[in-house]
Amino acid sequence: MPRNPHAAIPAPRGSMWIADAAAYLGLSIHTLYKWRQLGTGPASFAVGRKVAYRKDVLDAYLDSLQAPRHIDTAPTRRSRRTRKPAAA
């Protein structure tokens, strides 16, 4: 008898189990479980007692983390002002 009969169950089409999603995102499984509990991070769904993520949702989540570059939002350099010596 196999040790884990659920280990061989494939994820739904276009989806991956939480362990695979964590590896895909470069996060720990614990982080994804915590985000799921808090309602943050990429959307997930349950298949029985297992948690799955759609690959397109993970890709969209990764894309949303990249800040868009705008010419008008480039950081400006502050000038250094020297303090005037205190009047004696």
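Heavy atoms only: backbone and side chains are in, while hydrogens, waters and symmetry mates are out. Fair warning: this is a prediction, and the values are worked out from it, not measured in the lab. Along the sequence shown, residues carry numbers from 1.
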Checklist entry - Of the non-hydrogen atoms in Gly41 and Trp35, which two are nearest, and what is the gap between them? => result CA-CE3, 3.8 Å
Next on the checklist: Quick one about Asp59 and Tyr24 (side-chain donor to acceptor, distance below 3.5 Å, no hydrogens or angles considered), yes or no?
Outcome noted: yes
Checklist entry - Between Pro12 and Val47, is any pair of side-chain heavy atoms under 4.5 Å apart? => result yes
Item to check | Ile9 side chain reached by Trp17 side chain, heavy atoms, under 4.5 Å | outcome: yes
Item to check | Side-chain heavy atoms of Val51 within contact of Tyr33, under 4.5 Å | outcome: yes
Checklist entry - Side chains of Tyr53 and Asp20: closer than 4.5 Å at any heavy-atom pair? => result no
Checklist entry - Pick one: which of Val57, Leu58, Leu65 meets side chain to side chain contact (heavy atoms under 4.5 Å, CB included) with Tyr61? => result Leu65
Next on the checklist: Is the shortest side-chain heavy-atom distance between Lys50 and Ile18 below 4.5 Å?
Outcome noted: no
Next on the checklist: Show the nearest heavy-atom pair for residues Ala11 and Met16, with the distance to one decimal.
Outcome noted: CB-CA, 3.8 Å
Checklist entry - Going by atom types alone, do Ser15 and Arg54 pair a side-chain donor with an acceptor below 3.5 Å? => result no
Checklist entry - To the nearest 0.5 Å, what is the distance between CG (Leu32) and CG (Leu25)? => result 6.0 Å
Checklist entry - If we only count heavy atoms from C-beta on, is the Lys34 to Thr40 side-chain gap below 4.5 Å? => result no
